[in-house]
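Structure, as structure tokens:
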Amino acid sequence: MTLPVFPETYIDLLPEVRAFLGEELKLYIGGRWVPALSGATFETVDPSTGRVLARVPSAQAEDVDAAVRAARQTFDSGAWHLKLTASERGRLIWRLADLMEAHAPILAQLDALDNGKPVKKAQTVDVPLSADHFRYYAGWTTKIEGATIPVSTPGMFNYTVREPIGVCGLIVPWNYPLLMAAWKIAPALAAGNCIILKPAEQTPLSALYLARLFEEAGFPPGVFNVLTGYGETAGAALVEHPGVDKIGFTGSASVARTIIRNSASTLKRVSLELGGKSPNIIFADADLEQAVVGATWASFGNNGQSCTAGSRLYIERRVFDRVVEGIADEVAKIRVGMGMQAEQPDLGPVVSGDQLNTVMGYIQDGYASGAHSVIGGKRLGGALADGYFIEPTVFVNVQDSLKIAREEIFGPVVCAMPFDDADEVLRRANETPFGLAAGLWTRDLATAHRFAAKLRAGTIWINTWGDTDAASPFGGYKQSGHGREMGKEAIDLYSEVKSVWLRAD
Ligand code: NAI
Ligand code: MG
């Protein structure tokens with residue numbers, strides 16, 4: 001395939017990236033590279049320019065079936081979880097992390113091209129965090145233990161073992177293409193499962209490249225498979241397939257509901273990491289300089305395309321104007337631009353034309369319902385007119401009842417709202433169907449602990465925002481999800497417990 005012409009302002013594509021984009025890209029099934037059986041393909045687009053980057057196979061139900069058969073065969077043969085020792089499995093996962101680090105510049109360019117994010121961010125955040133994730137779970141392979149249970153039946157010995165679930169279909173989104181895949185693949189592998197990864201149709205490239213690294217690392221064929229394709233076809237077929245034992249999903253609540261419905265006939269295990277409308281609360285006694293910078297990046301980090309975006313900003317009334325002004329000053333310094341341009345921006349475009357329309361729709365709705373923007377509010381034109389660029393936008397004069405204050409926008413838009421006292425803001429913060437994250441800025445220890453206890457969310461950040469670590473559990477209360485990723489909890493999420501009884505006298 002002929003390569004697209006990239007803007008002159010772009011850094012040079014690495015030769016490996018150039019070669020990769022020029023190839024006929026294939027699905028990775030059972031250790032082999034194959035086109036979709038129907039020959040169907042789709043285009044993936046550079047959101048900085050709107051130009052086609054590459055064509056990738058569009059997996060259909062028959063390709064899903066082939067991948068499930070391959071993964072099933074490998075799982076049932078025990079080639080991964082039984083024939084290799086725990087230590088050998090750990091070493092392979094560690095080797096994969098080494099390869100990811102060695103190929104970091106390539107993976108970073110692929111994610112920057114496909115998603116639009118600044119390549120420097122991809123290289124310093126997305127790729128190293130992904131590799132760390134594999135290293136953390138490489139260590140787990142030798143630490144997955146059962147228990148001996150003091151049952152009250154005379155003469156009986158009872159113990160538990162943790163076993164893999166089997167074949168896991170992992171369906172991931174486009175906001176952190178490589179990292180969201182790593183969050184699921186690493187614990188699923190460590191627990192001994194075989195995997196079929198379905199990357200988002202907007203960002204399929206790094207997943208295909210990752211499959212090469214699995215091949216190079218020497219994993220048994222069929223342990224890791226990649227199907228690029230649309231949610232409604234490839235994703236839906238994975239969810240419905242009786243040969244898939246578990247679906248791990250990150251994405252929208254509406255697709256999560258479809259997944260729950262479509263998995264009902266086979267009753268497969270489902271874990272869900274969904275979105276939020278996370279409250280970020282600034283008390284007047286906080287270190288306001290720190291809070292201003294923290295709240296700015298809680299709102300606009302990754303362009304607000306983050307399930308934990310601090311998109312409902314509650315500020316104590318007596319410092320409201322000061323804090324909003326401070327945030328507007330911070331936002332004015334943010335450089336928006338193409339993720340691959342030599343002079344690196346802070347933020348790139350949103351991921352797609354669809355996402356641009358959705359976010360601009362919310363912004364229009366905000367204005368129409370009486371909100372004011374203190375900064376931002378427009379699509380960017382000029383040299384950026386062909387891409388999907390939106391100014392980081394801070395809304396004030398927002399009521400909790402407005403759509404922009406209730407729904408996940410998943411773009412660079414934050415609603416700043418004043419509050420008068422702690423009980424009031426606690427109630428307002430919890431008045432949401434979501435519960436992924438929440439945070440507060442204060443110097444008062446009692447307030448910090450009280451809010452940590454009373455905020456109904458899976459992660460609480462105090463005088464910080466956005467931190468995650470492979471060792472610390474992450475997931476949502478309420479409609480933000482089922483189950484916890486990361487930490488020991490993710491091993492539980494990807495394993496079954498077996499209780500064994502033995503007559504011992
Ligand atoms: P989405 O939920 O449609 O896509 C996420 C993944 O699900 C993709 O891999 C997609 O192909 C797959 N999928 C879609 N329909 C499916 C189906 N019927 N069966 C199985 N898999 C399916 O998210 P989308 O449309 O890309 O973004 C829409 C909104 O979702 C965003 O504006 C944001 O609010 C939310 N979202 C939240 C994310 C999070 O991290 N929690 C990530 C991505 C989106
Ligand atoms: Mg969708």
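For clarity, every value in this text was computed on a predicted model and none was experimentally measured. Atoms within a ligand are numbered from 1 in the order they appear, just like the ligands themselves. In this chain, residues are counted from 1 in sequence order. Side chains included, hydrogens not; waters and symmetry mates left out as well; all remaining heavy atoms used.
Residues Phe224 and Phe214 place their aromatic rings such that the two centres sit under 6.0 Å apart. Between Phe451 and Trp441, the gap from one ring centroid to the other reaches at least 6.0 Å. Ring centroids of Trp80 and Phe75 are separated by 6.0 Å or more, keeping the two rings apart. Between Trp183 and Phe474, the distance from one ring center to the other falls under 6.0 angstrom.
Electrostatic pairing of Glu43 and Arg55 counts as a salt bridge here, judged by a charged N lying under 4.0 Å from a carboxylate O. Using a 4.0 Å cut-off between charged side-chain N and carboxylate O, Glu216 and Arg212 make no salt bridge.
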Worked check of ring-ring contact (aromatic ring centres under 6.0 Å, His included) between Phe395 and Tyr367 | CA-CA 9 Å; Phe395 273 122; Tyr367 287 128; 5.3 Å; yes
Show the numbers, then the answer: is there a salt bridge (Lys or Arg N to Asp or Glu O under 4.0 Å) between Glu101 and Arg135?
-> CA-CA 11 Å; Glu101 268 168 7; Arg135 290 198 203 288; 2.5 Å; yes
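The shortest N or O to N or O distance between Ile259 and ligand 1 is not below 3.5 Å. Taking distance alone, with nitrogen or oxygen atoms compared against 3.5 Å, Lys198 approaches ligand 1 more closely than that limit. Every N/O-N/O distance between Val255 and ligand 1 stays at or above 3.5 Å. Checked by distance only, ligand 1 and Tyr230 stay at 3.5 Å or farther apart across all their nitrogen or oxygen atoms.
Met180 does not count as a contact of ligand 1, since none of its heavy atoms falls under 4.0 Å from the ligand. No heavy atom of Thr358 sits closer than 4.0 Å to any atom of ligand 1. Put simply, part of Gln355 is less than 4.0 Å from ligand 1, judged by heavy atoms.
Taking every non-hydrogen atom of Thr250 and a distance limit under 4.0 Å, the qualifying atoms of ligand 1 come out as 5 (C), 39 (C), 40 (O). Those atoms of ligand 1 with a heavy atom of Ala236 less than 4.0 angstrom away are 19 (N), 20 (C). Close contacts between ligand 1 and Leu274 involve ligand atoms 41 (N) [criterion: under 4.0 Å to a heavy atom]. Interface of Cys307 with ligand 1, defined as ligand atoms under 4.0 Å from a residue heavy atom, comprises 39 (C), 40 (O), 41 (N). Of all the atoms in ligand 1, the ones that sit under 4.0 Å from a non-hydrogen atom of Trp174 are 24 (P), 26 (O), 27 (O). Distances below 4.0 Å separate heavy atoms of Ile171 from the following atoms of ligand 1: 6 (C), 7 (O), 9 (O), 12 (C), 20 (C), 21 (N). Ligand-side atoms of ligand 1 in range of Val172: 6 (C), 8 (C), 9 (O), range being under 4.0 angstrom from any heavy atom. Each of the atoms 41 (N) of ligand 1 lies under 4.0 Å from some heavy atom of Gly275.
With hydrogens and angles left out, the side-chain atoms of Trp33 and Glu215 include a donor and acceptor closer than 3.5 Å.
Of the candidates Pro173, Pro204, Ala237, Pro177, it is Pro173 that places a heavy atom closest to atom 42 (C) of ligand 1.
Using a distance-only test at 3.5 Å, with no hydrogens or angles considered, a donor-acceptor pair links the side chain of Gln341 to the main chain of Met338.
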